Amino acid sequence: MHSESDAATENHPEKQPLNFIHQIIEEDNRTGKFGSRVHTRFPPEPNGYLHIGHAKAILLNYGTAVKYNGKFNLRFDDTNPIKEEEEYVQSIIEDVKWLGADYEDRLFYGSDYFEQMYEYAVQLTRKGKAYVCDLSAEEIKATRGTLTEPGQESPYRKRSIAENLDLLERMKAGEFPDGSRTLRAKIDMASPNLNMRDPVMYRILHAPHHRTGNKWCIYPMYDWAHGLEDSIERITHSLCTLEFEDHRPLYDWFLIELDAYRPQQIEFARLNLTYTVMSKRRLLELVKKRYVNGWDDPRMPTISGMRRRGYTPEAIQNFAERIGVAKRDSTVDVALLEFSVREHLNKIAPRFMGVLNPLKIVIDNYPEDREELLEAINNPEDLSAGTRQVPFSRELYIEADDFMEDPPKNFFRLAPGREVRLRYAYFITCTNVIKDSDGNITEVHCSYDPATSGGDSPNGRKVKGTLHWVSARHARTAEVRLYDRLFNVENPGGEHFLEQLNPTSLTIVDKCYLEPALAEQAVPGFRFQFERLGYFCIDPDTTPTKLVLNRTVTLRDTWAKIAQKQQK
RNA sequence: UCGGGGAUCGUCCAAUGGCAGGACUGCGGCCUUUGGAGCCGUCAAUCUUGGUUCGAAUCCAAGUCCCCGAGCCA
């Protein structure tokens, strides 16, 4: 996965600084804390689709394992059957693989360990460190205390070990209704760390589980299960996000009381990105309320959305490396993500010409019945990609933006009397502008210089602009979906985050024109560049009779900036 | 208010007592058959106040601000 960066590192032997996690790991390796073993994992709950924030975590865990010749597990944290679905399991597996994080044969489920977890619970109960509590959810809440006041001990806290064991057994056997009892750890109701105030370990839930079916009617809480899962898999370094820092003492308490193997948890800051939201809750809301067309809508920051939009795994890997990892809350500029895709696509994407907003050009001195095939380079960044033939004829489409009747000073494109180059074709000069009765330009007439075939002038004559074009007679058509940022504000959030949505995040161009060579190799997922416009890919909505394109990202556009400044 | 974390260019990450550096963005230039790419340059930061030290982003003290925590969610 790190081929590019590895090459870069070899060329520039100055050592890269270690992030704080790798510093800890190297220290652990030095002291032999885990016998120099490194084993990480990515533990998603299958209750939603993965997003770019998860990609950071996946790549950090996987990259760490690779860096230290260790292992990496994928493990589903599936302890709540009410929220979890098989559909999410499948999407997560697909996304993790696509990102290049290879877990080999180590795909696990927390639910695989339910039996072992139960035995651990019995062990703790037998030790007098856990008890069955008959308090209702409301009562537990009421006796937990507050941030500044201690909680009160449950009246059931002093039950005998024998009674606890019996009750726990019967909870498991299904004798009690949902919510009637819980198994709680007996720790300290006065702890300033609320997680230590006799946390619930098991709740009764008569609900089928996507893996274990009806076998269980008590399910472990995350705080009870998670540390055990890492322990059972002999994970050395449990990387997780900041909000679990307060839970670490609890995980350690469980494992110490159980005398079980104990991983080192290290917390890092989750990723935030400008102009989007990252919480599963908000993403789900966008999907459910149809503000977007599903989890894989190309405007979503989900892995599946980005894949559909045309992002490459390499682009995301490079992005993840660039943003680094630290403990402070941060919001990465989405421009860095866009830079990462452009950088990769620039190297690998074949070029084509396509016109989004057509303006018809007629070349008056080019014979009506003549057509020719012109050779075009597929990728100037990679000559091994070869060349292709592009048909040329008398009537063409160019981008409407590439013509101005009354151009400002630094407009280099077509204008009355102005000569420009048609990419890989000829120099043309604008001779006439045709308008309809409303004054709209309907057609532009030009003459061409036959001596400039291929786009070079024999007399060294220079031209300022180069335009892309498509022969009208040969043009194929497609629907193009243009995406813009999902939100209008840099840091969307709060109760009314839906009001911050960008109403024009999706623009559909019903009919764009493109050269035949593209239509011939257009299969869903195919990524390419429309010269001067941006990177695009073929959307899976494509049918044999209709091509659908997604714009991944525009090219950097210097003219757009100049034009914007002139407007002000 | 209690506990846990955090504060370095606009943004993200480095510097681990010794010249505050890199990337993105912005700006300027060179180059260009993509106003793309590439190349070069440039603006731009140590939360505050004290202290220790020859020397502090780094160590100490006090303060300020931000984030997380009171699910039978994860």
Side-chain angles (χ1 to χ4, degrees), chain A residues 16-20 23 43-45 47 77-80 82-84 133 135-138 140-141 144-151 178-184 191-197 199-205 218-219 221-223 225-226 241-249 267 269 271 274 280 321-340 342-343 346-347 351 353 376-377 380-381 410-413 421-425 427 452 454-456 463-468 490 529-534 554-562:
Chain A
Q16 282 183 318
L18 295 174
N19 66 48
F20 79 101
Q23 286 177 26
E45 182 190 18
N47 70 341
D77 221 321
D78 54 351
T79 55
N80 186 351
I82 292 168
K83 288 191 174 178
E84 295 150 9
C133 180
L135 255 27
S136 68
E138 297 72 42
I140 287 184
K141 184 183 168 80
R144 184 156 20 232
T146 68
L147 295 178
T148 52
E149 299 158 320
D178 286 6
S180 59
R181 289 179 221 265
T182 57
L183 182 73
R184 291 228 255 167
S191 173
N193 180 348
L194 301 243
N195 297 120
M196 303 299 273
R197 320 243 264 227
V200 171
M201 295 162 61
Y202 276 100
R203 74 287 217 181
I204 301 173
L205 234 42
I218 58 172
Y219 289 95
M221 295 288 292
Y222 174 87
D223 275 345
H226 190 78
T241 43
L242 258 25
E243 69 269 27
F244 294 107
E245 212 147 18
D246 284 345
H247 297 241
R248 178 159 29 94
E267 306 85 8
L271 170 66
T274 55
K280 272 189 190 173
E321 234 163 79
R322 278 190 181 100
I323 61 174
V325 57
K327 292 199 74 156
R328 73 184 85 122
D329 296 310
S330 63
T331 302
V332 174
D333 191 336
V334 72
L336 184 59
L337 217 209
E338 292 177 346
F339 169 82
S340 299
R342 286 194 189 103
E343 178 189 47
N346 175 50
K347 289 184 196 127
R351 272 61 167 173
M353 291 194 284
I377 295 166
E381 300 288 320
N410 32 24
F411 183 80
F412 299 158
R413 286 109 94 137
R421 170 172 34 237
L422 291 179
R423 180 94 157 140
Y424 298 126
F427 284 11
T452 57
D456 269 321
V463 102
K464 289 272 254 202
T466 301
L467 312 188
H468 60 276
E490 231 183 65
Q529 182 194 101
F530 266 153
E531 295 220 15
R532 304 211 299 138
L533 295 179
T554 60
L555 253 28
R556 281 185 65 228
D557 189 346
T558 308
W559 166 242
K561 273 178 197 158
I562 295 169

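Within every chain, numbering begins at 1; the chains are lettered A, B, ... in the order of the sequence lines, protein sequences first and strands thereafter. Note that this is a predicted model, so its numbers are computed, not measured. The figures that follow rest on heavy atoms only: side chains count, while hydrogens, waters and symmetry mates do not.
- Counting only heavy atoms from C-beta on, A:R556 has its side chain closest to B:A37 among B:A70, B:A37, B:A7.
- The interatomic distance linking A:K347 (NZ) with B:U34 (P) rounds to 19 Å, in whole Å.
- For B:G69, neither phosphate oxygen OP1 nor OP2 lies less than 4.0 angstrom from any side-chain nitrogen or oxygen of A:R144.
- If you check the side chains of A:E149 and A:T146, you find a donor sitting under 3.5 Å from an acceptor.
- Between A:D178 atom CG and B:C72 atom C1' there is a gap of 10 Å when expressed in whole angstrom units.
- Not a single donor-acceptor pair, N or O on each side, falls under 3.5 Å between the base of B:G4 and the side chain of A:E267.
- Residue A:M353 contributes atom CE, which lies 18 Å from atom P of B:G36 at whole-angstrom precision.
- OP1 or OP2 of B:G71 has at least one side-chain nitrogen or oxygen of A:K141 nearer than 4.0 Å.
- Judged by atom type and distance alone, A:R413 reaches the base of B:G35 through a side-chain donor-acceptor pair under 3.5 Å.
- The side chain of A:K327 has B:G6 as its nearest neighbour among B:G3, B:A74, B:G6.
- A sub-4.0 Å separation between OP1 or OP2 of B:C73 and a side-chain N or O of A:T79 is absent.
- Atom CG in A:D246 sits roughly 8 Å away from atom P in B:G5 (whole-Å rounding).
- Between A:T182 and the choices A:I204, A:I140, A:L135, the side-chain contact (heavy atoms from CB on, under 4.5 Å) rule is met once, by A:I140.
- Pairing analysis of RNA chain B (Watson-Crick: purine N1 to pyrimidine N3 plus N6-O4 or O6-N4; G-U wobble: N1-O2 and O6-N3; both under 3.5 Å) yields stems of 3 or more pairs at B:2-7 with B:64-69, B:10-13 with B:21-24, B:26-30 with B:38-42, B:47-51 with B:59-63.
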